[in-house]
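Lettering of chains follows the sequences in order, A, B, ..., and the numbering in each one begins at 1.
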Amino acid sequence: MTTFAAMLRAAPWAATLAPGDLARVESETLVRTCASGTLVCRRGETVEAWIGVVDGLVKMTNVSADGKPTSFVGVSSGGWFGEGSVLKDEPRRYDIVALRESVIAYLPKATFLWLLDISMPFNRFIITQLNERLGQFIGMVEHDRLLGPEARLAHCLAAMFNPVLNPGVQPSLPISQEEFAQLAGLSRQRANQALQRLEQAGLVRIDYGGVTVRDLAGLRQFQG
DNA sequence: TCATTAAATTGTT
DNA sequence: AACAATTTAATGA
């Protein structure tokens, strides 16, 4: 998945759009490349777009009420986020950082609302998306506070494999341990140790520059 | 196709 | 944070 056009072709909600409508979405969406480590969008800015990851990997850093970064969610190629903020008309509550050079699509708020008006499949897609994201955050609240680094990493990895939120992701996920550490909020050596423990438990296989998930259910339940 | 080199990633201290 | 070992990617014969 390299271009926005290819991303649209693969999207279930786009399949039923009239060719003219699809062309409108394509022409109104801004696509740009974000360098590794740069902000895709800032916390506190007014939300003007629904954001899609065409190619690459970004993290949403969830900041709790007291301002401490607590939990992280990875979004990879094919995923969309920020629909809640577009609908609620409030300042964005998360920083989004590109973990590697990434191609990002900014679908303007007006186009987003127009899609909601004209397309029932798009409405269903958004409802499903919101529901899955909600479930993800609930799961995070359960895990984040109580558990240690290994379990946090396991949960973080399992969340990357939600097929609704990250459609493009394959069983073998190309993500370096450096990127993994940033995603889980750990140091690289800590992430390395955690990954090795998960491999010993038979849940993943460590590849060069990536990991392969062997037991997704086991990852979700992993307690350390 | 194979060998050499550079760059990236990993495991360890 | 720094180091050495390993893997991949790139280059050229």
J.: In this structure, how many angstroms lie between the P atom of C/dT7 and the CG atom of A/Asp207, rounded?
T.: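 These atoms are roughly 12 Å apart.
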
J.: When the distance from CD of A/Glu179 to P of B/dA8 is rounded to whole Å, what number comes out?
T.: 13 Å

J.: Hey, are A/Glu132 and A/Asn162 close enough side-chain-wise for a donor-acceptor pair under 3.5 Å?
T.: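 Present: a donor and an acceptor within the cut-off.
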
J.: Can you name the closest pair of heavy atoms from A/Pro121 and A/Thr16 and give their distance?
T.: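 Taking A/Pro121 first and A/Thr16 second, the nearest heavy atoms are CG-OG1, 3.2 Å.
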
J.: Give each protein N/O atom lying under 3.5 Å from an N/O atom of nucleotides 11-13 of chain B, with the pair distance.
T.:
| unit_1 | atom_1 | unit_2 | atom_2 | d |
| --- | --- | --- | --- | --- |
| B/dG11 | OP2 | A/Gln177 | OE1 | 3.2 |
| B/dG11 | OP2 | A/Gln177 | NE2 | 2.8 |
| B/dG11 | OP2 | A/Asn192 | ND2 | 2.4 |
| B/dG11 | N7 | A/Arg188 | NH1 | 3.4 |
| B/dG11 | O6 | A/Arg188 | NH2 | 2.6 |

J.: Tell me the interatomic distance from A/Leu99, atom CG, to B/dT9, atom P, rounded to whole angstroms.
T.: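 The distance from CG of A/Leu99 to P of B/dT9 comes to 13 Å, rounded to the nearest Å.
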
J.: How many Å lie between CD1 on A/Ile175 and P on B/dA8, as a whole number?
T.: 18 Å

J.: What is the distance, rounded to the nearest whole Å, between atom CZ of A/Arg205 and atom P of B/dT10?
T.: 14 Å

J.: My understanding is that only one of A/Trp80, A/Trp50, A/Trp114 makes a ring pair (Phe, Tyr, Trp, His ring centres under 6.0 Å) with A/Phe122; could you say which?
T.: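 Filter result, single survivor: A/Trp50.
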
J.: How about A/Gln136 and A/Arg133: does a side-chain donor come under 3.5 Å of a side-chain acceptor?
T.: yes

J.: Using only heavy-atom distances, determine whether the side chains of A/Thr111 and A/Glu28 contain a donor-acceptor pair under 3.5 Å.
T.: yes

J.: Side-chain heavy atoms nearer than 4.5 Å, only ILVMFWY residues, links allowed to pass through others: does that put A/Leu173 and A/Ile206 together?
T.: yes

